[in-house]
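Structure, as structure tokens:
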Amino acid sequence: MPPITVLLVDDEPLVRAGLRAVLEAQPDIEVVGEAADGAAVIPLVRQLRPSVVAMDVRMPLLDGIEATRAVLRTVPEPPKILVVTTFENDEYVYEALRAGADGFLLKRARPAEIVHAVRLVAEGESLLFPASVRQLAAEYGDGVGNRAARAVMQRAALTEREAEVLRLMARGLSNAEIAARLIVGTETVKSHVSAVLAKLGARDRTQAVIAAYESGFVAPG
């Protein structure tokens, strides 16, 4: 299998150096580039075609939220985006997830957690830190976003099985775990997940779960 290629974006050189050291120690991960600000992300993504962008959520010129929106809006077949943050319970992190980021990673995370996060986001078959996403949704996922999300959920008209799969996705279960819970094959679960994403207009399971929380389909508390 080809390696997971990673672009590091952070205005702190020491953070980039630490992430590079941790990730490049893995045989299946390759750091292909670095940038000091979100403003440099789009040209580097187009040039390097990374699998994953690990990007600081707060940067001086263009923060991780706007950089995420820009990448998803302008880059065909965009990479997975993992926002890197100092604080877990941060409204900026939730806004980045709402903007389309696939997950987040704490700067104080242990090396094994960093590697796990990159692999999990690259694979896209499970939700990263589901309990933390639920907590963020409970604290910040209210207001106008809810009305829009409810409308999306109503239009989606999920089947009973698709709804069940979405609830299990929100709990952080992987495709294999969902298959075991429902006593069906993994390929069947993948088909249901694909249908849920298509109906919700979500690019990945993280966005589908955010929509589920914001619409009230799944209670975040």
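Side-chain atoms are counted along with the backbone in the values below, which use heavy atoms only and exclude waters and symmetry mates. From a predicted model like this one, the values you see are computed outputs, not experimental measurements.
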message = Please evaluate residues M55 and T68 with respect to the criterion side chain to side chain contact (heavy atoms under 4.5 Å, CB included), reporting the C-alpha separation (whole Å), side-chain torsions for both, the decisive distance (0.1 Å), and the verdict.
response = CA-CA 9 Å; M55 179 158 54; T68 294; 3.5 Å; yes
request  = Quick one: do L8 and R20 satisfy side chain to side chain contact (heavy atoms under 4.5 Å, CB included)? Show the steps, please.
outcome  = CA-CA 8 Å; L8 303 176; R20 178 182 281 274; 3.9 Å; yes
ask   = In a check of salt bridge (Lys or Arg N to Asp or Glu O under 4.0 Å) between E125 and each of R205, K190, K80, which one passes?
value = K190
request  = Indicate yes or no for a side-chain donor-acceptor contact from D63 to the backbone of E66 under 3.5 Å, with no hydrogens or angles considered.
outcome  = yes
request  = Enter the distance from K199:NZ to L158:CG here, rounded to the nearest 0.5 Å.
outcome  = 6.0 Å
ask   = If you measure from CG on L200 to CD on E162, what distance do you get to the nearest 0.5 Å?
value = 9.0 Å
message = Regarding R98 and Q207, do their side chains bring together a donor and an acceptor under 3.5 Å, going by distance alone?
response = no
ask   = Do I81 and V84 belong together in a cluster built from hydrophobic side chains that touch within less than 4.5 Å?
value = no
ask   = Do the numbers put R58 on top of the ring of Y92, so that NZ or CZ is under 6.0 Å from the six-membered ring centre and no more than 45° off the axis?
value = yes
request  = Please confirm whether the backbone N or O of V184 pairs with a side-chain atom of T188, one donor and one acceptor, at under 3.5 Å?
outcome  = no
request  = For R167 and V218, indicate whether the former's side chain and the latter's backbone hold a donor-acceptor pair under 3.5 Å.
outcome  = no
ask   = CG of L120 to CG of L127: how many Å apart, nearest 0.5 Å?
value = 8.0 Å
